[in-house]
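Start at 1 with the first residue, then count along the sequence.
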Amino acid sequence: QVELEESGGGSVQAGGSLRLSCTASNYAHPSYCMGWFRQGPGKEREAVAFLYTGSGDTHYVDFAKGRFTISQDNAKRTSYLQMNSLKPEDTAMYFCGADTRCAVGYTWELYNYWGQGTQVTVSS
């Protein structure tokens, strides 16, 4: 069973940056789709970005393009979400998910493994 743990959240001023990490353990499949999602106050969970570890292909939703970067360090069993030019509307709990099926993509309901989440708060 894959276990995930997020870290790197915190409180920053608008325009600042944060780097979130998602470390995986107990993985048994050679490749995974790794996704980042977020849930703001009073909102539903929404996708941010995902990558496929087998190829390094990355995908972003519109609000993340140009500001957020998803990446991986295979040796450290870790995926990252670098967030720059943060805005107050980016305030949310950020979660990482993983699945052996690349087709899960942006569909959070299909991911089998989840971390506990890390809080990001952006103030004006």
Side-chain angles (χ1 to χ4, degrees):
Q1 178 177 328
V2 175
E3 296 183 356
L4 306 175
E5 183 173 359
E6 304 95 335
S7 62
S11 182
V12 298
Q13 293 287 122
S17 298
L18 286 173
R19 188 193 194 195
L20 307 184
S21 299
C22 177
T23 300
S25 61
N26 298 323
Y27 66 94
H29 195 274
S31 302
Y32 292 87
C33 279
M34 301 292 300
W36 282 97
F37 299 80
R38 70 183 188 183
Q39 187 168 7
K43 298 182 178 180
E44 297 294 321
R45 185 177 298 181
E46 63 180 345
V48 177
F50 72 90
L51 66 79
Y52 179 55
T53 64
S55 64
D57 290 346
T58 60
H59 305 268
Y60 302 89
V61 299
D62 287 344
F63 71 77
K65 294 177 181 177
R67 296 193 298 129
F68 295 0
T69 302
I70 188 170
S71 61
Q72 63 174 326
D73 186 331
N74 188 59
K76 296 181 179 180
R77 311 278 199 263
T78 301
S79 65
Y80 303 97
L81 184 68
Q82 177 69 46
M83 305 187 294
N84 299 324
S85 301
L86 285 165
K87 305 173 182 179
E89 51 262 45
D90 295 318
T91 295
M93 183 73 74
Y94 284 73
F95 300 88
C96 66
D99 202 272
T100 58
R101 302 164 298 165
C102 189
V104 293
Y106 294 129
T107 309
W108 67 266
E109 297 94 334
L110 299 179
Y111 283 75
N112 283 321
Y113 311 108
W114 291 96
Q116 298 287 336
T118 185
Q119 179 67 41
V120 171
T121 302
V122 185
S123 60
S124 300

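Donor-acceptor pairing under 3.5 Å is lacking for the side chains of Thr121 and Thr91. Side-chain contact, Gln82 with Asn84: a donor N or O sits under 3.5 Å from an acceptor N or O.
Nearest heavy atoms, Gly56 versus Gln72: CA-NE2, 3.9 Å. A pairwise comparison of heavy atoms in Tyr106 and Phe37 identifies O-CE2, 3.5 Å as the closest pair. Taking all atoms of both residues into account, the shortest heavy-atom contact from Gly117 to Phe95 is CA-CD2, 3.6 Å. Of all the heavy atoms in Leu4 and Ala24, the pair that sits closest is CD2-CB, 3.6 Å. Across all their heavy atoms, Gly54 and Ser31 have their closest contact at CA-OG, 3.5 Å. For the pair Val120 and Gly9, the tightest heavy-atom approach, listed with the atom from each and the gap, is CG2-CA, 4.2 Å.
Within a 6.0 Å radius of CD in Glu89, other residues, nucleotides and ligands contribute more than 12 heavy atoms. Shown here is Gln39, whose CD atom has more than 12 heavy atoms of other residues, nucleotides or ligands within 6.0 Å. More than 12 heavy-atom neighbours from other residues, nucleotides or ligands sit within 6.0 angstrom of CG on Asn26.
One N or O on the side chain of Asp99 and one on the backbone of Asn112 form a donor-acceptor pair closer than 3.5 Å. In terms of modelled atom types and a separation under 3.5 Å, the side chain of Gln116 and the main chain of Glu6 share no donor-acceptor contact. Side chain of Arg101 to backbone of Leu110: a donor-acceptor contact under 3.5 angstrom is found. The main-chain N or O of Ser7 is never found under 3.5 Å from a side-chain atom of Ser21 such that the two would form a donor-acceptor pair. The main-chain N or O of Gly105 is found under 3.5 Å from a side-chain atom of Tyr111 such that the two form a donor-acceptor pair.
The line from OH of Tyr60 to CZ of Arg67 is 12.5 Å long, rounded to the nearest 0.5 Å. The OG atom of Ser85 sits 9.0 Å away from the CZ atom of Phe68 when rounded to the nearest 0.5 Å. Taking OG of Ser79 as the start and CG of Asp73 as the end, the distance is 10.5 Å to the nearest 0.5 Å. Expressed to the nearest 0.5 Å, how far CD1 of Ile70 lies from CZ of Phe50 amounts to 8.5 Å. Atom-to-atom distance recorded for Asp57:CG and Leu51:CG is 9.0 Å, nearest 0.5 angstrom. For the atom pair Arg38 CZ and Gln119 CD, the distance stands at 11.5 Å (nearest 0.5 Å).
One hydrophobic cluster, built from ILVMFWY side chains closer than 4.5 Å, cannot hold both Trp114 and Tyr80; they sit in different ones. The hydrophobic clustering, which links ILVMFWY residues whose side-chain heavy atoms are closer than 4.5 Å, places Leu81 and Tyr52 apart.
In summary, the aromatic rings of Tyr27 and Tyr113 are positioned with their centroids too far apart to meet the 6.0 Å limit.
Counting only heavy atoms from C-beta outward, the side chains of Phe63 and Glu46 approach each other to under 4.5 Å. Using a 4.5 Å heavy-atom cutoff, the side chains of Leu18 and Met83 are in contact.
A salt bridge is defined here as a Lys NZ or Arg NE, NH1 or NH2 lying under 4.0 Å from an Asp or Glu carboxylate O, and Asp90 with Lys87 fails to meet this definition.
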